[in-house]
Amino acid sequence: QVQLVESGGGLVQAGGSLRLSCAASGRTFSRDTMGWFRQAPGKERTFVAAISWSGGTTGYADSVKGRFTISRDNAKNTVYLQMNSLKPEDTAVYYCAAAPGAVVSARGGLYDYWGQGTQVTVSS
């Protein structure tokens, strides 16, 4: 069974940091583009960041550039999202996703596999 399991979410004050992890199992994700998306209450799910299978190419939403960093460890089948200088508007459920054979993209439709999400809450 293919699974993406996110962890590392929680409650943090504005200006703080969190590191999200996404552990993949059930298939090899080392050749997949991996992405992070988020969904705030009452809003649509939006792109946050993505990384190519080799880690050589990354992409970020403008709202997180310079604050968030995506990385991956293919040996561990895990992708990470380091979030610094967090703001209350970063509050959302964060989802990990995998796009087999795709280039780095913000298009959610390219991602075939999704995790259940982890809640990130940033207090002001």
Side-chain angles (χ1 to χ4, degrees):
Q1 182 181 0
V2 176
Q3 276 193 314
L4 297 175
V5 179
E6 303 93 339
S7 61
L11 174 63
V12 64
Q13 288 188 331
S17 298
L18 282 174
R19 187 194 196 204
L20 305 184
S21 298
C22 171
S25 63
R27 62 182 290 275
T28 299
F29 289 84
S30 59
R31 291 288 178 174
D32 296 352
T33 284
M34 300 296 293
W36 286 96
F37 292 75
R38 67 186 181 186
Q39 186 168 20
K43 297 186 178 181
E44 293 186 352
R45 189 158 54 188
T46 59
F47 170 75
V48 175
I51 186 168
S52 63
W53 69 269
S54 68
T57 301
T58 57
Y60 297 91
D62 288 343
S63 59
V64 306
K65 279 181 183 177
R67 300 188 298 122
F68 290 12
T69 303
I70 189 171
S71 61
R72 67 189 297 162
D73 184 338
N74 286 339
K76 295 182 179 180
N77 243 11
T78 301
V79 63
Y80 306 96
L81 185 68
Q82 177 67 44
M83 306 186 295
N84 299 328
S85 302
L86 283 161
K87 305 175 181 180
E89 51 263 44
D90 294 318
T91 294
V93 177
Y94 283 72
Y95 298 91
C96 171
V103 297
V104 168
S105 175
R107 291 175 53 197
L110 293 179
Y111 293 79
D112 291 341
Y113 303 99
W114 292 83
Q116 292 301 304
T118 185
Q119 176 70 47
V120 171
T121 303
V122 185
S123 63
S124 57

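Residue numbers start at 1 and run along the sequence shown.
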Are the side chains of [X] and [Y] in touch, meaning some heavy atoms are under 4.5 Å apart?
X	Y	result
Pro100	Arg27	yes
Tyr94	Glu6	no
Val2	Asp112	no
Trp114	Cys96	no
Leu20	Tyr95	no

Exercise for the section: Check the angle between the aromatic planes of Phe29 and Tyr113 and answer parallel, tilted or perpendicular using the 30° and 60° thresholds. Expected result: perpendicular

Fill in the blank from the handout: Partner of Ile70 under side-chain contact (heavy atoms from CB on, under 4.5 Å), picked from Val64, Val104, Thr58, is Thr58

Completion exercise
Test side-chain contact (heavy atoms from CB on, under 4.5 Å), reference Ser17, set Arg67, Gln82, Met83, output is Gln82

Are [X] and [Y] linked, directly or through other ILVMFWY residues, by side chains that come within less than 4.5 angstrom of each other?
X	Y	result
Phe37	Leu81	no
Trp36	Leu110	no
Val122	Val48	yes
Phe47	Leu86	no
Tyr80	Met34	no

Nearest-0.5 Å distance that lies between atom [atom1] in [X] and atom [atom2] in [Y]:
X	Y	atom1	atom2	answer
Ser30	Asp73	OG	CG	11.0 Å
Thr69	Asn84	OG1	CG	6.5 Å
Cys22	Arg72	SG	CZ	10.0 Å
Lys87	Ser124	NZ	OG	14.0 Å

Handout entry: Atom CZ of Arg107 with >12 non-hydrogen neighbours under 6.0 angstrom
Key = no

Practice task
Inspect the surroundings of CD in Gln119 and state if more than 12 heavy atoms from other residues, nucleotides or ligands are less than 6.0 Å away.
Solution key: yes

Problem - salt bridge (charged side-chain N to carboxylate O under 4.0 Å, His left out) partners of residues 37-54, not counting sequence neighbours, each pair once - result: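 Salt bridge (charged side-chain N to carboxylate O under 4.0 Å, His left out) check on residues 37-54 returns Arg38-Asp90.
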
